[in-house]
Amino acid sequence: DGPCGYFQLWEMGIDGGSPPPRQLTADGNEFENADPFYLPNGRIAFMSERAGGLVQCGDWALSYCLHTMNPDGSDIRQVTWAKDGEWDPSLMEDGTILFTRWEYVMRFWGPTQLIWSVRPDGTNPRVIGGYLIAERNYAMCRQIPGRGEVVCIESAHHNDGSGNVLVVELNRGRDSVAGVRTVAAGRYDSPYPLGDNYFLVSHAPRPDRPAAPGSSPQHPS
């Protein structure tokens, strides 16, 4: 119990040395900032709820949108405008930003997070992958190096974000069943491609609640 501070963005040397840790955003408990990464032009992209949106199913849930800023934390610019939130941004090899977005418009309540991309200047936001089935959502997508495919997690709409590991072929376009295949069934998280066929993932086996091979994790809303 008690007050809880919002996440802020920091930068530090990967070996614990130079440069020393420095805070890039200092919004206190006004805005939360998360998921930063460097862009080719030197700016930093990140997610933030500073736009002030709230999701439609509850006025307590903050809506995150994509932003960019200078390396020193100045000149923060909003890149995307999402009513119900965006997650898990990462950089693609063509310089566009990969992310997932929650959309109520023309979607069932459950399968709402498809795979999107946008240019760093905010132009050409669009759905580039995924198809609607059951309670499937695509989470934590990252491009597999040198290929037009992404590795991601097949999560449920109301769960902790864990699930099966999927590979999605983006050249198939959206709503293509053939372009989605299950690599590993179970409760996985945070996939990171190390090459064509190897992925670093987090995994917490739950022998008391085994996942059925090839199935989506289903959770009550």
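Throughout, residue positions are numbered sequentially from 1 according to the sequence presented.
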- prompt: Side chains of Asn33 and Ser48: is there a donor and an acceptor less than 3.5 Å apart?
  reply: yes
field: Donor on one side chain, acceptor on other, Gln113 and Asn137, under 3.5 Å
entry: no
Measure across [X] and [Y] and return the closest heavy-atom pair with its distance rounded to 0.1 Å.
X: Glu49; Y: Phe31; value: OE2-CA, 3.0 Å
X: Asp196; Y: Pro145; value: OD1-O, 3.9 Å
X: Pro193; Y: Val151; value: CD-CG1, 3.9 Å
X: Val55; Y: Lys83; value: C-NZ, 3.8 Å
X: Leu114; Y: Gly129; value: CB-O, 3.8 Å

message: Salt bridge or not between Glu30 and Arg50? Use side-chain N to carboxylate O under 4.0 Å.
response: no
So, taking the atom named [atom1] in [X] and the one named [atom2] in [Y], what distance separates them when rounded to the nearest 0.5 Å?
X: Cys141; Y: Ile115; atom1: SG; atom2: CD1; result: 4.0 Å
X: Leu24; Y: Glu11; atom1: CG; atom2: CD; result: 5.5 Å
X: Ser117; Y: Leu91; atom1: OG; atom2: CG; result: 11.5 Å
X: Met92; Y: Leu98; atom1: CE; atom2: CG; result: 5.5 Å
X: Arg22; Y: Met12; atom1: CZ; atom2: CE; result: 12.5 Å
X: Arg187; Y: Ser155; atom1: CZ; atom2: OG; result: 12.5 Å

With no hydrogens and no angle check, is any side-chain donor or acceptor of [X] less than 3.5 Å from a backbone partner on [Y]?
X: Glu86; Y: Phe99; answer: no
X: His67; Y: Val79; answer: no
X: Asn70; Y: Asp72; answer: no
X: Ser63; Y: Leu54; answer: no
X: Arg43; Y: Asp75; answer: yes
X: Glu149; Y: Asn171; answer: no
X: Asn164; Y: Gly186; answer: yes
X: Ser162; Y: Asp189; answer: no
X: Glu32; Y: Tyr6; answer: no

ILVMFWY network linking [X] to [Y], side-chain heavy atoms under 4.5 angstrom:
X: Val180; Y: Leu170; answer: yes
X: Val118; Y: Trp81; answer: no
X: Leu194; Y: Phe199; answer: no
X: Ile144; Y: Tyr138; answer: no
X: Val150; Y: Ile128; answer: yes

- prompt: Given Leu66 and Met47, is the side chain to side chain contact (heavy atoms under 4.5 Å, CB included) satisfied, shown in steps?
  reply: CA-CA 5 Å; Leu66 187 65; Met47 289 297 185; 4.1 Å; yes
task: Go through the steps for Ile153 and Val201 under the test side chain to side chain contact (heavy atoms under 4.5 Å, CB included), then give the verdict.
output: CA-CA 10 Å; Ile153 294 297; Val201 296; 5.7 Å; no
task: Check step by step if side chain to side chain contact (heavy atoms under 4.5 Å, CB included) holds for Phe46 and Asp35.
output: CA-CA 5 Å; Phe46 64 101; Asp35 299 329; 5.8 Å; no
message: Using salt bridge (Lys or Arg N to Asp or Glu O under 4.0 Å), reason through Arg147 and Glu169 one step at a time and then give a plain yes or no.
response: CA-CA 9 Å; Arg147 290 163 58 177; Glu169 300 177 38; over 6 Å; no
- request: Show the numbers, then the answer: is there a side chain to side chain contact (heavy atoms under 4.5 Å, CB included) between Thr25 and Met69?
  value: CA-CA 10 Å; Thr25 58; Met69 67 182 182; 4.0 Å; yes
query: Is there a side-chain contact between Arg142 and Pro191, using heavy atoms and a 4.5 Å cut-off?
result: no
query: Heavy-atom count around Phe37 CZ within 6.0 Å, excluding the residue itself: above 12?
result: yes
